[in-house]
Amino acid sequence: MKKKLIKDLLLSSMATIATFGFGATVANADTIVVKAGDTLSSIARTNDISLQKLASINNIKNINNLLVGQKLKTTSSNKIKTIKVSSKGSTILTEDIASKAATYATKFIGHRYVWGGSTPAGFDCSGLVAYAYAKYGVSLPHQSGQLAAATTRIATSKAQAGDLLFWTNRTGRVYHVAISLGDGTYVNALDQNHGVVINGMASKANFAGRVEI
């Protein structure tokens, strides 16, 4: 995949290693060199790879501990793959699409929360999910309960980048949804006071769902 210079730093609580505005330099098709101002999240976003996967393939334990000149491997790919589920006649998205949708959603960190919103002008929780997946040709409903019904339920401990996390009230009604980034983190349109942020819910998700088409 053709690499490009980083134009934006991810607006999140993750610390940067410096404040200079330079992008990552391409060393070869699968390796980039960290430059001043790079963060692991911004490198992941630019190379269409999930933060979790980038950290994993480079054995990075602390995502805030990058060194200028450090070489990072990337497995960014243009290929879209699916796995057939014969019992349902549907397909489950692989990490290629799901993780890209998760990474794309982080682009909107800092954007405002708007009830019923599903565009960069303002998102609600399900609107952000639907918009992120639509980028890769996957149509999802703009309603958290319907999103839960449209996914294959999995344990939250099994959630990978691109899986959806759901919160329910005492009656079991789904009232909030987020996109997992892996390792217990997620991106979501939280509320009117916070907008789109990393994490933020007071409790852990009740269950997770894997997107099907």
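Count residues from 1 along the sequence. No hydrogens, no waters, no symmetry mates; every other heavy atom, side chains included, goes into these values.
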Worked check of side chain to side chain contact (heavy atoms under 4.5 Å, CB included) between K53 and Q160
CA-CA 9 Å; K53 187 172 183 180; Q160 302 173 1; over 6 Å; no
Which heavy atom of R210 sits nearest to which heavy atom of I154, and what is that distance?
NH2-CD1, 3.5 Å
Whether W167 side chain and K204 backbone form a donor-acceptor pair below 3.5 Å
yes
Distance from N59 atom CG to K73 atom NZ, nearest 0.5 Å?
8.5 Å
Check whether any side-chain N or O of N188 sits under 3.5 Å from a backbone N or O of V197 as a donor-acceptor pair, and report yes or no.
yes
N206 and T156 have their tightest heavy-atom pair at C-CG2, 4.1 Å
Any heavy-atom pair between the side chains of L40 and L51 that's under 4.5 Å?
yes
For F207 and F166, take the angle between the two ring planes, folded into 0 to 90°, and tell me which bin it lands in: parallel under 30, tilted 30 to 60, perpendicular over 60.
parallel
Using the rule that Ile, Leu, Val, Met, Phe, Trp and Tyr join whenever any side-chain heavy atoms are under 4.5 Å apart, tell me whether V114 and L128 fall into a single cluster.
no
Taking C-beta and beyond as the side chain, do V174 and L147 meet within less than 4.5 Å on heavy atoms?
no
Can you tell me if Y133 uses its side chain to pair, donor with acceptor, with the backbone of I97 under 3.5 Å?
no
Where is the tightest heavy-atom contact between S50 and S99, given as atom of each residue plus distance?
CB-CB, 3.7 Å
Do V211 and Y186 belong together in a cluster built from hydrophobic side chains that touch within less than 4.5 Å?
no
For the atom pair NE2 (H111) and OG1 (T119), what is the distance rounded to the nearest 0.5 Å?
9.5 Å
So do I179 and L164 actually touch side chain to side chain, heavy atoms under 4.5 Å?
yes
Correct closest heavy-atom pair for A105 and A132 would be CB-CB, 4.0 Å
Give a yes or no answer on whether the side chain of T151 reaches the backbone of R153 with a donor-acceptor pair at less than 3.5 Å.
no
Any link between Y175 and L165 through a network of hydrophobic side chains (Ile, Leu, Val, Met, Phe, Trp, Tyr) touching at under 4.5 Å?
yes
I60 versus N62, closest heavy-atom pair with distance
CG2-O, 3.3 Å
Approximate separation, where rounding is to 0.5 Å, of L54 CG and I43 CD1:
7.0 Å
What do the steps show when you test M201 against L190 for side chain to side chain contact (heavy atoms under 4.5 Å, CB included), and what is the final call?
CA-CA 7 Å; M201 292 293 287; L190 186 58; 3.5 Å; yes
Locate the shortest heavy-atom distance separating P141 from Q146; write the atom from each residue and the value.
CB-OE1, 3.3 Å
For the atom pair CG (L66) and OG (S42), what is the distance rounded to the nearest 0.5 Å?
8.5 Å
Can you confirm whether D124 sits close enough to H142 that some side-chain heavy atom of one is under 4.5 Å from a side-chain heavy atom of the other?
yes
Say whether, by atom type as modelled, one donor and one acceptor occur between the side chain of R112 and the main chain of A121 under 3.5 angstrom.
yes
Carefully, step by step, assess Y113 and V196 under the rule side chain to side chain contact (heavy atoms under 4.5 Å, CB included).
CA-CA 7 Å; Y113 180 99; V196 179; over 6 Å; no
For T185 and D183: C-alpha separation, side-chain torsions, deciding distance, then whether side chain to side chain donor-acceptor pair (under 3.5 Å) applies.
CA-CA 6 Å; T185 62; D183 291 334; over 6 Å; no
Kindly assign one of parallel, tilted or perpendicular to the pair Y104 and Y131, based on the angle between their ring planes and the thresholds 30° and 60°.
parallel
